[in-house]
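One structure is given below, encoded as C-alpha cells.
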Amino acid sequence: MIPLESAASLARLLADRKISAAEVADAYLGRINELDSKLGCFLAVDADSVKAQAKAVQEKIDNKTGGPLAGVPIALKDNISTQGLETTCASKILKGYVPPYDATVVERLKAAGMPILGKTNMDEFAMGTSTETSAFQKTTNPWDTERSPGGSSGGSAASVAGGLAPVSLGSDTGGSIRQPASLCGVVGFKPTYGRVSRYGLVAFASSLDQIGPFARTVEDAALLAATISGHDPMDGTSLPSKAIDVSGLKQGSLKGVKFALPTELFGDAIEDGVKEQLEASIKLLEAEGVIFKRVSMPSVLYGVTTYYIIAPAEASSNLARFDGVRYGALVEGGGHIENFEKTRAHGFGREVRTRIMIGTYALSAGYYDAYYLRATQVRTKMRMEVEAELKDVDAVLCPTSPGVAFKIGELLGDPLALKMLDICTIPANMGGFPAISVPCGLSQGLPVGLQIMGGTMADERVLQLAYAVEQALPKTPASPLLEGVAG
Amino acid sequence: MSISLKEVRHVAKLARLDLEESEVMSLQTELNALLGHFSELQSVDVRGIEPQSHAVSLTNGWAEDVARLGLPRELALSNAPSSKAGLFLVPTIIED
C-alpha cells in the first residue's frame, strides 16, 4: 500500500519503475478525498494540478534528473508562497491571495521533482500552538479526532501522521514544527536558522522563523532537508553554506555519544507520562553506550516570556504590510488611514490582533528598554548557556512538548497554558540551533516526542544522532488511521 | 507597570487597528496579565550581556550589483483590491 511506504522507499520504487508518479499522486489524492473531511488538514488541493505535476515529474524520474525524492508528493503549510496557488496563512486578510512567485523552497521542490499536493491549515499567521486560531477550519489529530494536532503547523503534521501526504513542510518560530510533530507522532526538524531560505515564507518573526520538514522517519526528514537547504541570494539572512549533506546519516554510532539533559526541562512543567517515556528512552540509550549529563540551563525557564516579547515585536512590524492596498481583502472606511484601520481590524483574527498590540506596546517609546531590550539580553544569556554545555556534549536531549495532544478547545480559555507548550522548543529558535523531534512511544495512548538540539550548523550531526536514536528505540506505532490501512 | 484604557487605544492607533470598545476593554485585562508575566524578566541578571536581535551572527551579505528582472507589472498588481492605469489605487490623500 502506497500510503504506508516511507518517502525514501517510495522514491526507490519510483526510480526502479515499480510504480509511477501518477499512481503515487492518485493514492494520496484518494487518501485526502477519503479522510480530510474528518481531519481538516488541507485549505487547498488542486487535484488536476497534482495529476499534471505527477505526469511532468515522471520525465524527471525517467531521465534521472530529479532529487532524492523525485516523484514523492508533498504538502505545504499555507504560509509558503506558491505561484498560482492561493496562500492565505489561514487568515481572512489573505483570502483570495494568489502569490505571483514561488518561495525558494517551492522552486527547489519543483526542480527536485516533488509534486505539490496542496496547502495545509495552520494557526493564523502561525500564531498559536493548536491550529485553533485558523480563520477557516479546525484540524484534528489522526490519533484522536477530538484532539488538537498541535500547532502552528498542525495541518502539515496531521497530513503526514494520517497518511494524507508522505512528507510536508512547516515553519517553526517557537516550536511550530517540532511541537505538532510530537503531538502527532511524526518526525519534525527545524534546521539551523538561515540554512533554509525564508524567501517566500510569509514573515511572522523574522529572527526566529525557519522552514523545515515533517516526515514519518528521520531518513525522510533528512532527504527533504537536503532538498530544500543551501544558500539563497534572495534571502539576506541565508547562511553562506552548502545544502545539508545527508551522506553520513546512517554512519553514526551511539557508543560514547554524550547528551546533556537540562533539569529545567524535566521539571514540574512536564507531564508525568511524558517524563516517564523520556526516562525509559534514556535507559534504553544508556544501554547502547550513550553518556548522559544532567545540566542546568536556568534561562530556558524564561524562554516563553522572552518569546512573547520578541516574536510579537517582530510580528507587529512585519504585519504592517497588510494595508489593503497591494493585496488582501480591503474593508473601506472612508480615507486612506481609515481603510488601513478597518481592513486590519476585520482581516486579522483575535489572536493576531492581540499579538500586534503586545508587540507595538513593547516597542513603543518608554517601554522599549524594559521589554524588548531586556528580552534580547535574556535571549543572549539563554544562547550562551546552551552553547556552554554544547562544548562538552554532542547535543541536548529533552522532551519536545510538555504534554501529549490535548482536546480541541480545552486550552482556549487558558492562553498561558497554550503558550507554555513551547517551553522546550523555544531555546532552539532563540539561539538559531538545529533541533528535531523524534517519536519515543506513547503516554495515555498518545505519542510523545523526544527532542535533540545541537549547535549552530550541526544539522548533519543532529540528523545522524536522531537516526541512531530512532533505530535504537522501539518503533512508535503509526497513527490508527495508517495502522488501519495495514489491517 | 500596568496599561490604561487610554494607552490601549493609543497603541491600537499606532498599530492601525480600529478596535471595538469591548475589545479595548478585554485587551486591557489581557495585556495587564501578560505584563505581569513579563516582569519576571526584571529579576534576570543581564549585567554586561549584549542584546541579541538575531538568531545567528551574520554581517551584511552583499549581492552582486547586477540588474535582473523584477515582477511584471500586471502580475504585481494582480492581487490589488483596486488598481488603475498600472498603479495601485488608494483614496485621495492630498485634496486640491
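Each chain gets a letter, A, B and so on, in the order the sequences are listed, and its residues count up from 1. All heavy atoms count here, side chains included; hydrogens, waters and symmetry mates do not.
- When heavy atoms are compared at a cutoff of 4.5 Å, A/M457 does not approach chain B at all.
- Within the 4.5 angstrom heavy-atom criterion, only side-chain atoms of B/L71, from C-beta onward, approach chain A.
- Scanning all heavy atoms of the two residues, the minimum distance from B/P81 to A/Y327 falls at CD-N, 4.1 Å.
- At least one side-chain heavy atom of A/M357 sits under 4.5 Å from a side-chain heavy atom of B/L19.
- The nearest pair of heavy atoms linking A/G432 to B/V56 is CA-CG1, 4.5 Å.
- When heavy atoms are compared at a cutoff of 4.5 Å, A/P298 does not approach chain B at all.
- Rounding to the nearest 0.5 Å places CZ of B/F38 at 5.5 Å from CD1 of A/I358.
- In this structure, chain A has heavy atoms under 4.5 Å from both the backbone and the side chain of B/S26.
- Residues B/E23 and A/R350 form a side-chain contact, since some pair of their non-hydrogen atoms from C-beta on lies under 4.5 Å apart.
- Per-residue counts of heavy-atom pairs under 4.5 Å with chain A were compared for B/L34, B/L27, B/L77; the largest is that of B/L27.
- Only the backbone of A/L301 comes within less than 4.5 Å of a heavy atom of chain B; no side-chain atom from C-beta onward does.
- Contacts of A/Y372 with chain B are made by side-chain atoms alone, with heavy-atom separations under 4.5 Å and no backbone atom involved.
- The choice from A/V378, A/T192, A/I309 that makes the most heavy-atom pairs within less than 4.5 Å of chain B is A/I309.
- Nearest approach of A/T376 to B/S53, heavy atoms of both residues: CG2-CA, 4.4 Å.
- For B/L31, the part lying near chain A is the side chain, with the backbone staying farther off; criterion is any non-hydrogen pair under 4.5 Å.
- The part of A/E314 that comes within reach of chain B is its side chain, from C-beta onward, which places non-hydrogen atoms under 4.5 angstrom from that chain.
- Annotation: the span from B/H54 atom NE2 to A/T237 atom OG1 amounts to 5.5 Å, rounded to 0.5 Å.
- Counting heavy-atom pairs under 4.5 Å between each of B/Q52, B/E20, B/E7 and chain A puts B/Q52 at the top.
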Show me the side-chain donor-acceptor pairs of residues 11-18 of chain B shorter than 3.5 Å, one per line, residues at least two apart or across chains.
residue : atom : partner : partner atom : Å
B/K13   : NZ   : A/E341  : OE2          : 3.3
B/R16   : NH1  : B/K13   : O            : 3.2
B/D18   : OD2  : A/K342  : NZ           : 2.6

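- Summarising the geometry, atom CD1 belonging to B/I3 is positioned 4.5 Å from atom OH belonging to A/Y361; distances are rounded to the nearest 0.5 Å.
- Separating the CD1 atom in B/I93 from the NE2 atom in A/H336 is a distance of 4.5 Å, to the nearest 0.5 Å.
- Every pair passing salt bridge (Lys or Arg N to Asp or Glu O under 4.0 Å) that includes a residue from residues 92-101 of chain A is listed here, sequence neighbours excluded: A/E86-A/K95.
- Between chain B and the residues A/I310, A/T456, A/T354, the most heavy-atom pairs under 4.5 angstrom are made by A/T354.
- For residues 368-384 of chain A, the pairs satisfying salt bridge (Lys or Arg N to Asp or Glu O under 4.0 Å) are A/R383-A/E387, with sequence neighbours left out.
- For B/E40, the parts lying near chain A are the backbone and the side chain together; criterion is any non-hydrogen pair under 4.5 Å.
- The stretch residues 197-210 of chain A places A/S206, A/S207 near chain B, each with some heavy atom under 4.5 Å from a heavy atom of that chain.
- Counting heavy-atom pairs under 4.5 Å between each of A/R353, A/H346, A/M384 and chain B puts A/R353 at the top.
- Heavy atoms of B/E64 lying under 4.5 Å from chain A are absent altogether.
- With chain B as the partner, the residue from A/F348, A/Y302, A/Y101, A/Y97 showing the most heavy-atom pairs under 4.5 Å is A/Y302.
- Counting heavy-atom pairs closer than 4.5 Å to chain B, the top-ranked of the candidates A/S238, A/S316, A/P100 is A/P100.
- With chain A as partner, the option from B/D45, B/V44, B/V90, B/V8 having the largest number of non-hydrogen pairs under 4.5 angstrom is B/V44.
- Neither the backbone nor the side chain of A/D323 comes within less than 4.5 Å of any heavy atom of chain B.
- Among A/L373, A/T343, A/V98, the residue with the largest count of heavy-atom pairs under 4.5 Å with chain B is A/V98.
- Of the atoms belonging to A/A362, not a single heavy atom falls under 4.5 Å from chain B.
- When heavy atoms are compared at a cutoff of 4.5 Å, B/R47 does not approach chain A at all.
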